[in-house]
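The structure under discussion appears below in the form of structure tokens.
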Amino acid sequence: MNKNIFSHKPNKNKYSEDDKIKFKKPVYVRDDLGTLNRLFKSYSNANRNNNLRTKLSGGVRGSAFKFSEHNQRVTFKMSYSNSMKSHDQYIKYYMPQHNKDYVEEKPELFGMCEDEYEKYKVPLNFKCIISPESNNINLETLAESFIKRVENQTGYKLCWRGAIHNDTDHRHAHIVINGRDMNGEDVFFNKDTIQLMRLMCSNAATQMIGERTKEQIEAARKNLVKAKRWTELDEKILSASSLKDGILFANNLPVELVNRLSYLSDLHLAEYDKENKSWKFSENYKTVLTASGRYNTYLEEYAKNPEEPLELYTGGGVKGKVEKVITFDKDESWNDAIIINTGEKRVYVPVWQLHKGDLVGKNVTIRKSGDDTKIARQVSDKNIIVRA
């Protein structure tokens with residue numbers, strides 16, 4: 001059975017329910033672990049939010065990781081696979097871009113040499129994307145610094161390989177981490193460790209090129225207004241003192257929040273009442289924006305038809321007719337999706353590397369267990385049953 005990276009337990013070094021984060025070999029690293037401890041303390045206080053803000057935000061728990069605005073921003077994503085075939089293809093074809101004829105200068109892999117990596121390779125592997133906001137960062141150096149920080153915090157001696165891709169608007173590094181380290185230990189990253197990895201990337205980038213300038217910070221703030229994801233502006237909206245009983249009164253709001261609210265209105269996630277000069281939000285507006293940050297086509301599809309809301313799949317069984325298939329690069333696990341019309345609702349189902357034939361118009365059943373209180377990971381081809 002395919003296991004969820006956020007919930008499955010390792011064969012060794014099990015984590016207790018009471019521990020928010022637990023490392024195999026605690027090593028104090030000032031800029032990462034010290035910051036983490038302070039953030040968890042802040043997180044405990046943040047959990048005292050009232051029921052209204054909980055309802056609007058889609059749950060009590062949010063990210064405990066509030067970086068300084070002066071830190072370099074780095075996008076970090078991780079997925080995993082437990083297939084040797086997928087592991088092989090990722091390293092042999094996707095990372096060196098042999099599957100893309102238009103890329104003339106193929107990337108060279110760095111990290112461990114191929115022969116050494118092969119000695120330790122197991123089916124389980126973790127795929128990471130590291131994409132800094134600044135194009136002035138040496139991505140290979142950033143990747144190496146990231147791996148060292150992970151090793152210091154976890155005690156693992158990781159087997160890994162990396163590659164740099166330049167075929168998009170933003171240069172980014174791909175890293176694959178083997179599911180067994182050089183000491184024979186099974187590798188496992190819990191959810192909080194993955195959040196810490198984002199902090200590691202940010203700290204490493206900041207140490208490499210320094211803090212962001214005022215101009216860079218201001219430019220980034222302007223971009224947040226139309227960001228198709230949950231942002232610090234949305235956090236400010238929910239913590240605004242003028243938010244009463246689900247209504248946000250528009251008096252004396254900062255310009256950046258007014259502009260953000262206007263954009264949320266375009267996305268059908270907020271509605272302005274001219275008579276009362278106030279804003280009312282969609283109850284699931286954080287859920288939608290959070291999902292969009294993870295599945296980059298969800299928000300676009302959600303906003304196309306506000307009369308027929310698009311529900312995000314959160315696990316369990318779904319039966320219906322496939323209304324649309326969304327596919328991109330077969331090796332990018334967070335892009336593929338199908339939209340199913342059950343007759344009662346429309347459901348957006350993220351799919352891990354969809355390879356099944358044309359599904360549009362066909363009746364299907366999704367068979368997968370999941371936690372209906374959280375955004376689920378993608379289903380796989382084997383979870384999609386085509387019915388006659």
Side-chain angles (χ1 to χ4, degrees), residues 1-11 58-59 77-90 93-94 99 122-127 176 179 191 284 287-288 290-305 307-388:
M1 182 178 68
N2 227 5
K3 294 184 178 180
N4 189 311
I5 187 173
F6 297 114
S7 62
H8 81 280
K9 302 295 183 185
N11 294 328
K77 293 183 179 182
M78 175 181 278
S79 62
Y80 86 107
S81 169
N82 204 13
S83 162
M84 185 64 83
K85 180 180 179 181
S86 173
H87 197 166
D88 286 337
Q89 290 181 340
Y90 195 77
Y93 298 102
Y94 184 74
N99 60 336
V122 294
L124 180 63
N125 61 95
F126 302 88
K127 303 178 180 72
V176 60
K191 187 173 182 179
N284 61 346
T287 302
V288 171
T290 303
S292 179
R294 182 172 293 170
Y295 310 118
N296 56 10
T297 58
Y298 176 67
L299 183 59
E300 178 183 347
E301 296 297 331
Y302 178 91
K304 280 182 178 178
N305 191 352
E307 302 302 322
E308 295 184 46
L310 183 62
E311 181 179 303
L312 180 69
Y313 174 76
T314 54
V318 176
K319 291 183 179 180
K321 181 176 290 187
V322 176
E323 189 177 281
K324 186 172 183 177
V325 173
I326 304 167
T327 58
F328 291 92
D329 194 313
K330 294 301 180 186
D331 292 286
E332 293 287 1
S333 61
W334 35 76
N335 279 341
D336 294 351
I338 59 176
I339 296 177
I340 298 175
N341 193 322
T342 69
E344 298 177 351
K345 59 185 179 181
R346 298 167 67 240
V347 184
Y348 178 101
V349 183
V351 182
W352 172 283
Q353 300 179 15
L354 180 63
H355 292 286
K356 273 189 165 67
D358 185 13
L359 294 175
V360 175
K362 294 183 179 178
N363 292 313
V364 300
T365 297
I366 302 294
R367 294 178 180 174
K368 183 176 173 67
S369 61
D371 184 342
D372 62 6
T373 67
K374 298 180 180 179
I375 296 174
R377 302 294 286 175
Q378 296 92 324
V379 303
S380 63
D381 274 8
K382 67 180 181 181
N383 300 121
I384 305 173
I385 311 300
V386 181
R387 309 198 313 270

Worksheet item: Can Y90 and N125 be said to form a side chain to side chain contact (heavy atoms under 4.5 Å, CB included), step by step?
Response: CA-CA 10 Å; Y90 195 77; N125 61 95; 5.5 Å; no

Practice prompt. Among I385, N383, I340, find the residue that satisfies the side-chain contact (heavy atoms from CB on, under 4.5 Å) test when tested with V364.
Written response: I340

Worksheet entry | From OG1 (T290) to CG (L299), nearest 0.5 Å | 11.0 Å

Practice prompt. For E308 and R346, work out which heavy atoms get closest and say how close.
Written response: O-NH1, 2.9 Å

Discussion item. Could you measure the distance from the OG1 atom of T327 to the CD1 atom of I338? Nearest 0.5 Å is fine.
Written reply: 11.5 Å

Item to complete: Check side chain to side chain donor-acceptor pair (under 3.5 Å) between K345 and all other residues, then give those that pass, not counting sequence neighbours.
Response: E311

Worksheet item: What heavy-atom pair brings S81 and K127 nearest, and what distance separates the two atoms?
Response: CB-NZ, 3.4 Å

Worksheet entry | side-chain contact (heavy atoms from CB on, under 4.5 Å) partners of K324, counting only residues at least two apart | E301, K304, I326, I339

Discussion item. Checking I384 against V322 for the side chain to side chain contact (heavy atoms under 4.5 Å, CB included) test, could you report, in this order, the C-alpha distance in whole Å, the side-chain angles of both residues, the deciding distance, and whether it holds?
Written reply: CA-CA 11 Å; I384 305 173; V322 176; over 6 Å; no

Worksheet item: How close do G179 and F126 get, heavy atom to heavy atom, and via which atoms?
Response: CA-CE1, 4.2 Å

Response to the item:
Sorted by chain and number, sequence neighbours left out, side-chain contact (heavy atoms from CB on, under 4.5 Å) with P123 holds for N82, M84

Worksheet item: Do the non-hydrogen side-chain atoms of Y302 and L312 ever get within less than 4.5 Å of each other?
Response: no

Worksheet item: Which heavy atom of S292 sits nearest a heavy atom of Y298, and at what distance?
Response: N-CD2, 4.2 Å

Practice prompt. Kindly write out the residues that satisfy side chain to side chain donor-acceptor pair (under 3.5 Å) with D381, not counting sequence neighbours, or none if the list is empty.
Written response: none

Worksheet item: Can you name the residues that form a side chain to side chain donor-acceptor pair (under 3.5 Å) with S83, not counting sequence neighbours?
Response: none

Item to complete: Find the distance between CG (L124) and NE2 (H87) and round it off to the nearest 0.5 Å.
Response: 8.5 Å

Discussion item. Restricting to side-chain contact (heavy atoms from CB on, under 4.5 Å), what partner residues turn up for E344, sequence neighbours left out?
Written reply: T342

